[in-house]
Structure formats: C-alpha cells, structure tokens
There are 2 protein chains.
Amino acid sequence: MQTLRRPKVRDQVAYQIQQYIVAQKLGSGDRLPTESKLAETFGISRLSLREATKALEFLGIVESKAGVGLTVGRIDMGRITEHLSFHSDLLDADPQQLIDSRVILETGVLPHVARRMKADSSIEQQLRTLVDRFRSARDLKTWIALDIEFHRTLLEASGLKPLVAFGELLHVFFQRFRESVKKAEWKDGVESHQRIVDSLSAGDVAAATAELRKHIEFHQERI
Amino acid sequence: MQTLRRPKVRDQVAYQIQQYIVAQKLGSGDRLPTESKLAETFGISRLSLREATKALEFLGIVESKAGVGLTVGRIDMGRITEHLSFHSDLLDADPQQLIDSRVILETGVLPHVARRMKADSSIEQQLRTLVDRFRSARDLKTWIALDIEFHRTLLEASGLKPLVAFGELLHVFFQRFRESVKKAEWKDGVESHQRIVDSLSAGDVAAATAELRKHIEFHQERI
DNA sequence: GGCAATCTGATTATCAGATAATCTATCCTC
DNA sequence: GAGGATAGATTATCTGATAATCAGATTGCC
C-alpha cells in the first residue's frame, strides 16, 4: 500500500504563483497582486498564502515590502547555496559522480571557449589575470576563492548561461574537497591553470581538455 | 544615505534554526523541538516561526509532518534544480545556448553510458524498447513524451545523478522546440535514436556522439 | 500470550480577526 | 514650487481557536 500524502496547500500555491509569474511574463521588479487578492483568487486564507510567499521570498523569487506589496525578485544562486552549504547531506552526494559531472561540464565548454577567445581578447586577459593573482596568493581561503572564480570564469567564457548556473551549483557540493587540499598541492594547481590557459590561447583544445580533466580528477585522491 | 532595513524576523530565525542543526550535529531524519518550543526559545510567536520553517522546508532543509513534528530534511539535487528554473540566466537563455548546452551535456555522458552498457545489459534493453515504442507511435504528443524519455534514460544510464537533474531542467525549456517539429521529421528522429543505440552497443562512442550532436542540433533550424 | 482495532495525546495545518509598522502618494502650507 | 504633514494601502506580526494527522498506548478479542 502506498502512503499517499495530501499535497500541501502552500506547495501548490507556491507552484501556482510561479506559474503566474511565467504566464504573465513578469520580470524583476514587476508588481504582483496583494496578499489578500491572491489569497482570494486561490481560495485560501491569507496566512496560507503568506507561508507560500515567504518561502518564495526566501529563495529570492519574490520580494515583499511593507507598504508596497509583492514584487518579482531577482533570484541568485548565492542566496540558495548559502542556506544549503551547511547541510550534512551534501556530504553524502557521491563524490565520484560530482567529479565526473564536473569533468563533462567543464571540458565540454572548452571548444566554445577557444572559439570565443579568438574573437574577444579580453577573455584571455581575464583568465591570465586570475592565474597571476593565484600565483601571488598565500593563504588557503584566497586560493579556494580564486579557484572557484577561475572555473566560473571559464564557464562564463563559453557564453552558455545555463551551464554557468549549473556550474555554480556543483561548486557548492564540491566545497569540501577544496578545503582538504594541502598547501603544496595548490602550487600544482597554479601551474595547471596556467597550462589550461596557454593551451586554449594556442587553440589546442585537446591539450586543454586533457589538462583540465587531470586537474579536476586530482580530487579523486581525496575521496 | 543608505536605506537600512530592519532585518526580518523570519530570516534571523531561519538562520538560528540552521545554527541549531549544526550545533546539535543533527542529520537527516533527526527530530527538532516542536514549533511551540522553538517559538518560545526564540521569543517570537509561533506564526513567525512557522514562516521560517516553511521557507526552510521549501528548500528541503527541514521536513514537517502533522502529528510528528519537525525533522531535518533530506536534500537532493533535484529539488534545487527545480528552483534553478527561475534563475534569470535560464529564463532569458537564447535557444542556441540551450541547444549547445544540451549537446555538451548529452554527448558528454556517452562514454559513461557505453561503459555501463557493457556491464549491465538491461540498459541497452531499456533503450531499445523505447525506440520500438517510438516507431509504433502515431501522434505528436506520444512522440514528444517518448523523445523526452529517451533522452532522460540516456542520461540516467550514465549513472551521474547531478546531470540527470540538470537535464530534466533543460528539457522544460526545450519544450517549445519539440512542439514545432513536423510529422515527417519525427520519422528521422526514430532512425536517429536507433543509430545512437546501435553505435553505443557496438562500443563506438565517437559515432554515437556525432549522431547525437546532429540529432540535437537539428532543432537549430527551428530557431 | 498474541494480534488487531481503537483511543488518546501531541503536533502540525489552517483559519479568522486584530493591531502595528512601513511605504507611497497626495494634499496642504508657505 | 518646495517641503513637510497626512491618509490610505499593504505587509508584518500577534493572539486564539479549530481541524487534520500521526505515533504509540490501550483495550478487547481469540
């Protein structure tokens, strides 16, 4: 026998509000109806509606200001990941799968990156600046921050926004590996980043792919 | 002058609940104090506390069941990608980016799929069954459903759960292309799927990759 | 004794109604 | 016209209550 659970009101409502935003093609800052209005529309109490909107607000999907009303918010991954990063279940995600996923994602964008680098020199400039800052960094925290930024910049350089968003998500789950990397090993990381940029700028996508794969799979030892 | 906003009660409370979970070293399924207890502890009304817990529940950080109480939730990537669908980068993503992202994602998993197919014959069986059903289908709705299932099965066959979750998200945004595909063109799709499975089962990853790329990029004409 | 149905207490789910805080826009004064 | 006071709308938060749900104890039957 299956335990069927009565679907919760607020989840349905939250879903409907999202649908409403999409259907009305609302963008950041656009107004939504008032709480009372929405509650009446959905046929629920204002309180239940509130629980739904508060959850959405927590995610940044809507914003709510006293005296103004509800507006569509600007969701950012940072806000979500901030609340997730502490959760112990993140430690249960299969590390090998995370590594394989990242390899596929990041090596996959390299052809796109190489192509765009030829057309826009500022991309190479940006990556090289990051490598330099990496080289002169001295503490773990800075290294980690720069490593994340390097890989995000790489994804951004592909121009494929969906993959950038997904990449940010993977990074959250990857956090714990980075924290266990030792000082001497970060030095290798610098050189690795350097070689990736060099290969890309030379147009040698295959070499960049091999180096990047090695760079990410390096974390396997830490499993 | 900066507009300083009074920090909202529920945000503080949400934060404190998270701190509590960490401090008590609670894991998935562990019990939290009751709503009344927590409200009293934090010195707020039960309602305000509820808004905080509902928001956390929405994220999957806590679970709440009537008659039981609050427990620490079980987080999974799927739940998060659901909310990712509102990420502005995805909402405004242009079609070409969606296509490129899908190509990277799906061709990227093929080596993994081929490897696992050798070890587990049920994977090939499952894919072939889908192709057959595809062949005997006669209406647009069925075709679309089967196409989605085929590609999802392909991703699942890689065993990389994070990518499966992300793939499903991309499919939502791909919907509009599929609906504009004509009847005659679906026939090509069947053969395309057939060739992909054949190549994979023969261990020819390169051929499968080329075919899959062609299959997805076919949608470019529809932009 | 073993087992199933029932009851009970605890807890969340949802509601209604009220007051406070906050913001926008208008109106009034000079 | 500029600037401040005021009113109206809206969210923020609270109190108190009822319904729904569930786990475990109790009861009754065989």
Side-chain angles (χ1 to χ4, degrees), chain A residues 1-18 20-21 24 26 28-75 79, chain B residues 1-18 20-21 24 26 28-74:
Chain A
M1 193 59 174
Q2 186 181 354
T3 65
L4 15 135
R5 192 173 301 170
R6 193 157 63 109
K8 292 181 178 168
V9 175
R10 65 165 166 286
D11 283 345
Q12 297 178 50
V13 173
Y15 178 73
Q16 290 205 52
I17 293 176
Q18 294 188 358
Y20 178 86
I21 294 174
Q24 305 288 321
L26 300 181
S28 293
D30 289 346
R31 296 279 305 267
L32 265 66
T34 69
E35 290 186 348
S36 319
K37 210 89 174 180
L38 283 172
E40 193 184 345
T41 304
F42 296 136
I44 58 173
S45 78
R46 200 185 136 213
L47 184 59
S48 290
L49 181 109
R50 247 177 102 64
E51 291 188 346
T53 59
K54 292 310 112 178
L56 291 177
E57 186 179 4
F58 207 68
L59 295 174
I61 293 174
V62 304
E63 277 179 21
S64 157
K65 272 190 286 193
V68 179
L70 297 169
T71 54
V72 178
R74 185 174 297 280
I75 194 172
R79 182 162 178 82
Chain B
M1 194 57 176
Q2 188 183 351
T3 65
L4 9 138
R5 192 172 302 172
R6 192 158 64 110
K8 294 184 177 165
V9 174
R10 64 167 171 284
D11 282 348
Q12 297 177 50
V13 174
Y15 179 73
Q16 290 204 51
I17 293 175
Q18 294 187 6
Y20 178 86
I21 293 175
Q24 306 288 321
L26 300 181
S28 291
D30 289 346
R31 298 279 304 266
L32 265 66
T34 69
E35 290 186 347
S36 319
K37 209 90 175 180
L38 283 173
E40 193 185 346
T41 305
F42 296 138
I44 57 173
S45 80
R46 197 186 138 214
L47 187 57
S48 290
L49 180 109
R50 252 179 98 65
E51 292 188 347
T53 59
K54 295 310 114 180
L56 292 177
E57 187 180 3
F58 210 66
L59 280 176
I61 291 175
V62 304
E63 276 178 22
S64 160
K65 271 192 288 194
V68 181
L70 296 168
T71 55
V72 177
R74 197 171 299 281

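Just so we're on the same page: letters track the sequence lines, and every chain starts at 1. Remember, it's a predicted structure, so these values are computed and weren't measured experimentally.
- For the OP1/OP2 pair of C:dA21 and a distance below 4.0 Å, the side-chain nitrogens and oxygens of A:Lys65 include no atom meeting the criterion.
- Comment: B:Glu57 engages B:Lys54 in a salt bridge, judged by a side-chain N to carboxylate O separation of less than 4.0 angstrom.
- When rounded to the nearest whole Å, the span between CZ of A:Arg50 and P of D:dC14 equals 10 Å.
- Taking only side-chain nitrogens and oxygens, B:Lys54 never comes nearer than 4.0 Å to OP1 or OP2 of C:dT12.
- Close to C:dC15, at under 4.0 Å from its OP1 or OP2, lies no side-chain N or O of A:Arg46.
- If you run side chain to side chain contact (heavy atoms under 4.5 Å, CB included) between B:Arg31 and each of B:Leu70, B:Leu26, B:Val72, B:Thr71, only B:Thr71 comes through.
- Computed from coordinates, the B:Leu47 CG to D:dT11 P distance equals 15 Å when rounded to whole Å.
- Counting to the nearest Å, the P atom of D:dT11 and the CD atom of B:Glu51 are 13 Å from each other.
- Note: CG (B:Leu32) to C1' (C:dA10) measures 16 Å, nearest angstrom.
- Considering only side-chain N and O atoms, B:Ser48 lies under 4.0 angstrom from the phosphate OP1 or OP2 of D:dC14.
- Separating the CG atom of B:Leu49 from the P atom of C:dT12 is a distance of 9 Å, rounded to the nearest angstrom.
- The separation between B:Phe58 atom CZ and C:dA13 atom P is 14 Å, rounded to whole Å.
- Atom CD1 in B:Ile44 sits roughly 7 Å away from atom P in D:dC14 (whole-Å rounding).
- The nucleotide whose nearest atom lies closest to any side-chain atom of B:Ser45 is, among C:dT12, D:dT15, D:dT11, D:dT15.
- Checking the phosphate oxygens (OP1, OP2) of C:dA13, a side-chain nitrogen or oxygen of B:Ser64 falls inside 4.0 Å.
- Within the 4.5 Å cutoff, side-chain heavy atoms of A:Ile21 are placed close to those of A:Val62.
- Summarising the local packing, CD of A:Gln24 is surrounded by more than 12 heavy atoms from other residues, nucleotides or ligands at distances under 6.0 Å.
- Side-chain contact check for A:Phe42 versus A:Ser48: every heavy-atom pair is 4.5 Å or farther apart.
- A straight line from CD of A:Glu35 to P of D:dT10 spans 11 Å, rounded to a whole angstrom.
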